[in-house]
Amino acid sequence: MTASSDGHAPGPGSGPLTYGTYLRVPELLDLQSPLSLPTAHDEMLFIIVQQAQELWFKQVLHEWRTVIDLLDGGGAIPEAVRLITRVNRILAVLGQEVAILETMPPLEFARFRGILSSSSGFESEQFREVELASGLRDPTFLQLIAKHMDAPSLHARWPRTLADAFRTTLAACDPDPVAALVALYRDPNCDGLRFALAEALTEYEIGFQQWRFHHVKLVERVIGDRSAGTAGSAGSGYLGKTLTYRFFPELWTARNQLTAAYTAR
């Protein structure tokens with residue numbers, strides 16, 4: 001939202017710009033609409049946490065667009081690392097939001113779960129876009145987005161992913177990204193900027209997996225570990241599989257090679 005040059009909010013007759021008009025607080029607070037009858041107390045919490053997470057997804061995607069441009073530009077690795085660190089802190093906040101939902105007992109969720117019968121968290125387009133933008137290309141994941149959303153449109157928005165930009169940046173050390181990472185980890189001082197980048201993305205990968213793990217345990221805590229999810233989804237079964245996903249597999253292959261080399265000594 002952009003203020004006019006005289007400090008007023010946009011639009012005719014909108015009045016002076018205030019905290020509420022700048023952040024559109026009235027509209028924001030009007031977006032929580034529990035549907036359960038009789039009203040389930042924790043439905044409001046569920047809606048607010050999910051909406052807050054969608055806002056954070058929007059910010060992560062905003063950061064990834066800039067980070068990819070910075071890395072592709074070739075000369076702004078410190079700024080890219082700064083923004084990746086910001087995303088890592090956002091992931092920590094997302095994890096704490098999951099912890100808030102853990103205060104919801106199973107029967108309280110059951111009171112409004114039926115309303116969600118035709119919907120599923122699998123349909124969160126922004127979450128899937130974060131995975132795609134990060135570089136995830138697992139076949140099961142690709143089938144999922146093809147089923148639940150406009151996959152061609154998602155791919156078109158991310159012709160370059162974070163993983164692509166990372167590999168291009170590593171190519172200055174070695175055309176093989178694994179070899180480049182092995183060299184960086186053997187001697188971090190040989191290229192401190194790319195080492196810092198690799199470490200920041202390692203933190204991102206680990207943070208994302210920790211968030212996934214917390215989500216799996218939340219689902220198991222609320223509906224059990226054998227119940228189907230909403231809209232006929234596989235519930236914790238599919239979510240457990242996602243713990244094996246990697247955005248940057250070369251980070252882990254390089255570590256495996258380094259460990260094997262030192263073990264063989």
Side-chain angles (χ1 to χ4, degrees), residues 1 9-11 14-15 17-62 87 89-132 141 144-145 147-150 153-154 207-208 210-240 242:
M1 185 172 182
S14 56
L17 183 68
T18 67
Y19 175 88
T21 56
Y22 176 67
L23 296 178
R24 302 182 68 174
V25 172
E27 296 98 317
L28 182 64
L29 298 182
D30 198 37
L31 296 176
Q32 296 75 47
S33 304
L35 300 177
S36 56
L37 291 173
T39 302
H41 177 80
D42 282 2
E43 187 181 1
M44 179 67 79
L45 174 70
F46 183 81
I47 292 171
I48 288 175
V49 170
Q50 299 299 127
Q51 289 182 341
Q53 294 210 346
E54 289 292 337
L55 289 173
W56 284 125
F57 297 157
K58 182 175 183 177
Q59 183 65 34
V60 170
L61 291 168
H62 178 66
V87 170
R89 293 184 182 181
I90 290 172
L91 284 178
V93 171
L94 288 167
Q96 289 301 308
E97 290 175 353
V98 171
I100 295 171
L101 282 179
E102 288 173 352
T103 66
M104 182 171 58
L107 288 181
E108 184 65 18
F109 181 59
R111 290 188 177 98
F112 65 90
R113 189 185 182 205
I115 295 169
L116 308 174
S117 60
S118 63
S119 65
S120 169
F122 286 148
E123 297 170 331
S124 170
E125 183 165 319
Q126 283 200 123
F127 177 68
R128 299 306 169 197
E129 189 168 353
V130 168
E131 293 179 298
L132 187 76
F141 163 73
L144 186 69
I145 63 172
K147 177 180 179 180
H148 289 288
M149 52 206 61
D150 184 355
S153 176
L154 280 180
F208 210 99
Q210 289 174 333
W211 178 34
R212 289 190 194 276
F213 178 80
H214 287 310
H215 187 198
V216 172
K217 295 307 164 185
L218 170 67
V219 171
E220 292 178 352
R221 180 173 184 154
V222 175
I223 68 170
D225 61 359
R226 296 184 181 180
S227 301
T230 53
S233 62
S236 65
Y238 170 76
L239 295 174
T242 67

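Proximity of Pro26 to Thr21: side-chain heavy atoms (C-beta onward) are nowhere separated by under 4.5 Å. A 4.5 Å side-chain heavy-atom check between Glu43 and Ile115 finds at least one atom pair inside the cut-off. By the 4.5 Å heavy-atom criterion applied to side chains, Ile223 and Arg113 are counted as neighbours. Looking at heavy atoms from C-beta onward, Met149 lies out of side-chain contact with Leu144 at the 4.5 angstrom threshold. Two residues are said to be in side-chain contact when any heavy atoms from C-beta on lie closer than 4.5 Å; Glu220 and Lys217 meet this criterion. Within the 4.5 Å cutoff, no side-chain heavy atoms of Leu91 are placed close to those of Trp56. Within the 4.5 Å cutoff, the side chain of Gln50 has heavy atoms near those of the Leu101 side chain.
Under 3.5 Å, the side chains of Thr39 and Ser36 contain no donor-acceptor pair of N or O atoms.
No donor-acceptor pair closer than 3.5 Å links the side chain of Asp42 to the backbone N or O of Leu45. Judged by distance alone, with hydrogens and angles left aside, the side-chain atoms of Gln126 form a donor-acceptor pair with the main-chain N or O of Glu54 at under 3.5 Å. Using a distance-only test at 3.5 Å, with no hydrogens or angles considered, a donor-acceptor pair links the side chain of Thr103 to the main chain of Ile100. Looking only at distances, a side-chain donor or acceptor of Gln32 sits under 3.5 Å from a matching main-chain atom of Leu28.
With sequence neighbours left out, Glu108 forms a salt bridge (Lys or Arg N to Asp or Glu O under 4.0 Å) with Arg111.
Counting non-hydrogen atoms of other residues, nucleotides and ligands closer than 6.0 Å to CD of Gln96 gives a total of 12 or fewer.
Proximity of the aromatic rings of Phe109 and Phe112 is defined here by a centroid distance below 6.0 angstrom, and this criterion is met.
In terms of heavy atoms, Phe57 sits closest to Val130 at O-CG2, 4.1 Å.
Between the CD atom in Glu102 and the CD atom in Glu97 there is a gap of 12.5 Å [rounded to 0.5 Å]. Between atom CH2 of residue Trp211 and atom OG1 of residue Thr242 there is a gap of 10.5 Å, rounded to the nearest 0.5 Å. Annotation: the span from Phe127 atom CZ to Gln53 atom CD amounts to 9.0 Å, rounded to 0.5 Å.
Under the 4.0 Å criterion applied to side-chain N and carboxylate O atoms, Glu129 and Lys58 are not assigned as salt-bridge partners. Note on Arg128 versus Glu125: no salt bridge recorded, every NZ/NE/NH1/NH2 to OD/OE distance being 4.0 Å or above.
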